[in-house]
Amino acid sequence: MAGKFEIDKASNGQYIFRLKAGNGEIILSSEQYTSKGACENGVDSVKKNAPDDSRYERKEAKDGRHYFSLKAANHQIIGQSQMYKSTSGMENGIESVKNNAPDAPIDDLTD
């Protein structure tokens, strides 16, 4: 089963997207957007930038867990991963975004 994007509304009425792997696990989450159109543009940006390894910023949290951010060409963060216990887990997450995002369908949960 392939991955998919889900567009949803946050509790404050703003829009968010999540990229889910084929197993249903969230592999990338967005910040909040004030409009659905801006959120859809965020999804398009993830699809465009996901294959480019240089767009990923690998980070380590204070507690030692690892995570990554996906950035657009303008260096703005367009998505962030969950926390991983290991560097290898984070790298697997990046590969999953690279493999799933470019052709992932969009499931609009706001309708």
Side-chain angles (χ1 to χ4, degrees):
M1 185 174 157
K4 68 176 180 178
F5 285 95
E6 289 182 347
I7 292 178
D8 206 354
K9 273 192 172 180
S11 58
N12 64 1
Q14 294 199 16
Y15 294 87
I16 58 170
F17 68 78
R18 294 177 290 269
L19 174 61
K20 290 188 170 183
N23 64 4
E25 185 175 325
I26 296 171
I27 51 177
L28 194 72
S29 299
S30 73
E31 297 178 330
Q32 295 185 354
Y33 296 90
T34 56
S35 71
K36 187 193 265 187
C39 189
E40 291 168 340
N41 288 343
V43 170
D44 289 342
S45 185
V46 170
K47 288 181 174 210
K48 178 183 173 187
N49 289 288
D52 185 346
D53 192 69
S54 70
R55 298 281 192 244
Y56 293 87
E57 185 175 348
R58 292 150 171 92
K59 301 179 182 182
E60 185 174 338
K62 289 180 183 176
D63 66 2
R65 294 183 298 167
H66 301 272
Y67 66 102
F68 62 88
S69 296
L70 176 60
K71 293 186 171 186
N74 64 3
H75 304 289
Q76 185 174 354
I77 294 173
I78 48 179
Q80 190 163 301
S81 74
Q82 64 180 17
M83 293 290 189
Y84 296 94
K85 292 178 183 175
S86 66
T87 303
S88 62
M90 176 188 64
E91 292 298 334
N92 288 340
I94 290 171
E95 288 304 311
S96 186
V97 172
K98 288 179 181 178
N99 292 331
N100 282 284
D103 300 315
I106 300 171
D107 189 2
D108 188 343
L109 305 176
T110 65
D111 292 341

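Side-chain atoms are counted along with the backbone in the values below, which use heavy atoms only and exclude waters and symmetry mates.
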[Y] side chain reached by [X] side chain, heavy atoms, under 4.5 Å:
X	Y	value
Leu70	Ile77	no
Thr34	Tyr15	no
Asp52	Arg55	yes

Mind listing the closest non-hydrogen atom pair of [X] and [Y] along with its distance?
X	Y	result
Asn100	Gly22	OD1-N, 4.3 Å
Phe17	Ser30	N-OG, 2.8 Å
Ile26	Lys20	CG1-CE, 3.9 Å

Residues in side chain to side chain donor-acceptor pair (under 3.5 Å) with [X], at least two apart?
X	answer
Asn12	Gln32
Asp8	Arg18
Glu91	Arg58

Lys98 and Asp53 ion-paired at < 4.0 Å: yes
Criterion side chain to side chain contact (heavy atoms under 4.5 Å, CB included) on Ser69 and Gln80, from CA distance to verdict: CA-CA 4 Å; Ser69 296; Gln80 190 163 301; 3.5 Å; yes
Side chain to side chain contact (heavy atoms under 4.5 Å, CB included) evaluation trace for Phe5 with Lys47: CA-CA 10 Å; Phe5 285 95; Lys47 288 181 174 210; 3.8 Å; yes
Which residues share a side chain to side chain contact (heavy atoms under 4.5 Å, CB included) with Glu25, sequence neighbours left out: Asn23, Gln82
Once you round to the nearest 0.5 Å, how far does [atom1] of [X] lie from [atom2] of [Y]?
X	Y	atom1	atom2	answer
Ile7	Thr110	CD1	OG1	7.0 Å
Glu95	Ile27	CD	CD1	11.0 Å
Lys59	Arg65	NZ	CZ	14.5 Å
Ile78	Asn49	CD1	CG	4.5 Å
Thr87	His66	OG1	NE2	3.5 Å

Intermediate values then yes/no, side chain to side chain contact (heavy atoms under 4.5 Å, CB included), Val97 and Tyr56: CA-CA 10 Å; Val97 172; Tyr56 293 87; 3.3 Å; yes
Asp108: salt bridge (charged side-chain N to carboxylate O under 4.0 Å, His left out) partners, not counting sequence neighbours: Lys36
Over 12 non-hydrogen atoms of neighbours within 6.0 angstrom of NZ in Lys48: no
Pairs meeting criterion salt bridge (Lys or Arg N to Asp or Glu O under 4.0 Å) with involvement of residues 66-80, two or more places apart: Glu57-Lys71
